[in-house]
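Read the structure below first, then the notes.
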2 protein chains.
Amino acid sequence: MIMSPLIQTFVLHFGEMGSRWGINRTVGQIYALLFVSERPLNADEMADALGFSRSNISMGLKELMSWRLVKLQHLPGDRREYFSAPEDIWAIFRTLAEERRKREIDPTLSMLRDALMAKPATDAEKHAQARLKEMHDLIELTTDWFSDVQKLDSKTLAQLMKMGGKVTKLLEIKDRLLLGLGGKGPEEQETNG
Amino acid sequence: MIMSPLIQTFVLHFGEMGSRWGINRTVGQIYALLFVSERPLNADEMADALGFSRSNISMGLKELMSWRLVKLQHLPGDRREYFSAPEDIWAIFRTLAEERRKREIDPTLSMLRDALMAKPATDAEKHAQARLKEMHDLIELTTDWFSDVQKLDSKTLAQLMKMGGKVTKLLEIKDRLLLGLGGKGPEEQETNG
DNA sequence: CTGAATTTTCAGTAATTCTTGAAACATCTT
DNA sequence: AAGATGTTTCAAGAATTACTGAAAATTCAG
């Protein structure tokens, strides 16, 4: 299979980026290729297109499967395994986030909690624990929030994001409501910009 | 300088995590050490505590400075350079996000935009471009949103995050307001839960 | 069951990235 | 300006990670 220059550029860039994020180049390229492909691909096609050995592709796919980032399917009358990336890019994003959480965030939080249980023996330890507490709380806050937000459907999520910093406007409105509906009316409508 | 077991565990874990995120172990450990330290440290102290060579520390610090993650200062009557991590952990988080954006997100967006300019020659390219557009939009949306939210002060940000998925409640209220203030009154107050 | 097709494993090699000591460089003190 | 102190650079060696081909394992058709 021959990749058009357009696709090739993307695949190469993505592989490069992957390697900056602790994902190996092969895996990044495989995923990029699957992501833009209009149909599922089998391992030989990928090996051919990317110029990697068959076994390298096999390992890359194994990795991607452990991340739940690829779907495996069979084509009628063909024994080979065909792979594809999910249609919904938000779903990809979520899966990535979930897996990363499970693999990296959770163990880190657990380590921090353990460290916080110990009785500080010195001033240095007391200070260190205070810092670890800050880190723990920040991580917990951001990931809990993230997992909450993640549960929203794509449409709501997009709507929310499009508002950007303007969510604060909503917070102000909320506060005003809670204060007993004093204050101003709906002239706050540019909130929707 | 001798690290207590508590600090050592943290430093080691952080170095390990770093290496999963494309940050080398030394750099991760240096930062962890600075993060929990109650006072600024000089390069020799770090080399000693972590068991790395002086030159390795020097390179690590250079890297951390390029990320704007450490502050350099001088102590009165001491010619050596002392380093520390910012007090405010949110500030650290923001800096990290900004730098990562500058280095990785922006170039990726630019590559995607370029790819989208090309006239698709084949069906495969047409499909690929549609996918790249999805990716471009997702990245742009999330990063724009992130940079907006990033500008909020820490307190507002924390407030927002503590709400988690409940922000949708705010959206509902907003929609109701925009629909001309029909609908219900302030009995929606559990929004604050 | 047999054998063809396909996939996975794995040990060895290749490539990359990390780490170091030595030398160069810089800055201060006298 | 010389010497002391401190920092950076860099080439080479060490360690890690990626990649491959060959062999083993699996799957399926007949």
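Because the structure is a prediction, the values reported are computed rather than measured. As a basis for the values below, the full set of heavy atoms in this structure was taken, side chains included, without hydrogen atoms, waters or symmetry mates.
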Assigning hydrophobic clusters by single linkage (Ile, Leu, Val, Met, Phe, Trp, Tyr; side-chain heavy-atom cutoff under 4.5 Å), is [X] placed with [Y]?
X     : Y     : value
B/M65 : B/Y82 : no
A/L41 : A/L75 : no
B/L64 : B/M59 : no
B/F10 : B/L34 : yes
B/I23 : B/V11 : yes

Which residues within residues 15-37 of chain B lie with some heavy atom under 4.0 Å of an atom in DNA chain C? B/N24, B/R25, B/T26
If the sugar-phosphate is the primed atoms plus P, OP1 and OP2 and the base is the rest, what is the B/S/- string for nucleotides 6-12 of chain C, using protein heavy atoms under 4.0 Å? SSBBB--
Hits for side chain to side chain contact (heavy atoms under 4.5 Å, CB included) against B/E104, two or more places apart or cross-chain, chain-then-number order -> A/M17, A/R20, A/W21, B/R100
Side chain to side chain contact (heavy atoms under 4.5 Å, CB included) involving B/A130 - partner list, sequence neighbours excluded: none
With a 6.0 Å cut-off (strictly less than), is the heavy-atom count around CD of B/E87, excluding the residue itself, greater than 12? no
Quick check for you: name the first and last nucleotides of DNA chain D, 5' to 3', having an atom under 4.0 Å from a heavy atom of chain A. D/dA18 to D/dC28
Which residue pairs satisfy the salt bridge (charged side-chain N to carboxylate O under 4.0 Å, His left out) criterion with at least one member in residues 45-59 of chain A, sequence neighbours excluded? A/R39-A/E45
Using the salt bridge (Lys or Arg N to Asp or Glu O under 4.0 Å) rule, take B/R131 and B/E134 through it: C-alpha gap first, then chi angles, then the decisive distance, then the call. CA-CA 5 Å; B/R131 289 293 263 172; B/E134 287 172 34; 3.1 Å; yes
